[in-house]
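Below is one structure; the comments refer to it alone.
All values below come from the heavy atoms of this structure, side chains included, with hydrogens, waters and symmetry mates left out. Worth saying up front: this structure is predicted, and the values here are computed from it rather than measured.
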Amino acid sequence: MVTDHPWTRGHLTITRAALAVVEKDALRGYAADEEACGYLRGPASIALFCDEAVPMQNVANKLHAIDPERYFRTARTYFSFNEKKFDDAVRAAAQEGRPVKILYHSHLDAGAYFSPTDAAVMSMGEPPAHEGGEITMGPGPAWPLAFLVTSVRGGAIDEHRLFVWDAEARVFVAQAITIVDG
């Protein structure tokens, strides 16, 4: 059950140091021809502030190798992660007083947009069963988070965009982010 937290409504501030970790991971992913993914967290006492980024392994290529029909996308155009490990990290971070506030991933040679597949998966809906297939939106995010997409074009960081779930419209909408030193 998703609970409402201030960071699920956007208007977050991220430190340059945390964003540098996201960018390093995105560039590493670009060099490996795969989307990077991970999360940002910060002190519970400053709800809209993130000062730490933690990369995760994109397991999309492993899934594709196991079942290329079901997992028809590779890590170049899709990200997937071990949900049990992530859920454990979300719970542990909350208990430490440094909750996970943002899930991030990168796009390779594409803009920083929230794709229909991203929206379906992150809203607990159904991604397409095959290339060009139908997407079904779900009731809302499985975790109370905002979502950061980083665009990498030609091996360089192009842009960052933050998205949050609009429950009334049942869509993810872009929100401003503030980057600060520290």
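Contact of the D33 side chain with the R76 side chain is registered, since non-hydrogen atoms from C-beta on lie closer than 4.5 Å. Side-chain contact check for C37 versus L103: every heavy-atom pair is 4.5 Å or farther apart. I102 places none of its side-chain heavy atoms less than 4.5 Å from the side chain of L145. Residues T13 and L48 fail the side-chain proximity criterion, which asks for heavy atoms closer than 4.5 Å. For the pair N61 and T74, the minimum side-chain heavy-atom distance is below 4.5 Å. Within the 4.5 Å cutoff, the side chain of Y104 has no heavy atoms near those of the T150 side chain. In this structure, the side chains of L12 and L40 stay at 4.5 Å or more apart for every pair of heavy atoms.
Counted within 6.0 Å of CZ on R91, heavy atoms from surrounding residues, nucleotides or ligands total 12 or fewer; the atom is thus considered open.
Within the 3.5 Å criterion, the main-chain N or O of H105 finds no donor-acceptor partner in the side chain of E35. At distances below 3.5 Å, at least one donor-acceptor pair connects side-chain atoms of N58 with backbone N or O atoms of Y78. Between the D158 side chain and the S151 main chain, no donor and acceptor come within less than 3.5 Å of each other. At distances below 3.5 Å, at least one donor-acceptor pair connects side-chain atoms of S106 with backbone N or O atoms of A36. Side-chain atoms of W7 come within 3.5 Å of backbone atoms of P144 as a donor-acceptor pair (strictly under, hydrogens ignored). A side-chain donor-acceptor contact under 3.5 Å links D109 to the backbone of G154. With K101 contributing its side chain and A47 its backbone, the two residues share a donor-acceptor pair below 3.5 Å.
Using bins of under 30°, 30° to 60° and over 60° for the plane-to-plane angle, the ring pair F81/W143 lands in the tilted bin.
One hydrophobic cluster, built from ILVMFWY side chains closer than 4.5 Å, holds both V90 and W165.
The structure places CZ of R41 at 4.5 Å from CD of E96, a figure rounded to the nearest 0.5 Å.
Contact check on D87 versus K84 returns no salt bridge, with no Lys/Arg side-chain nitrogen under 4.0 Å from an Asp/Glu carboxylate oxygen.
Taking every heavy atom of both residues into account, V180 and F49 meet most closely at CG2-CE1, 4.1 Å.
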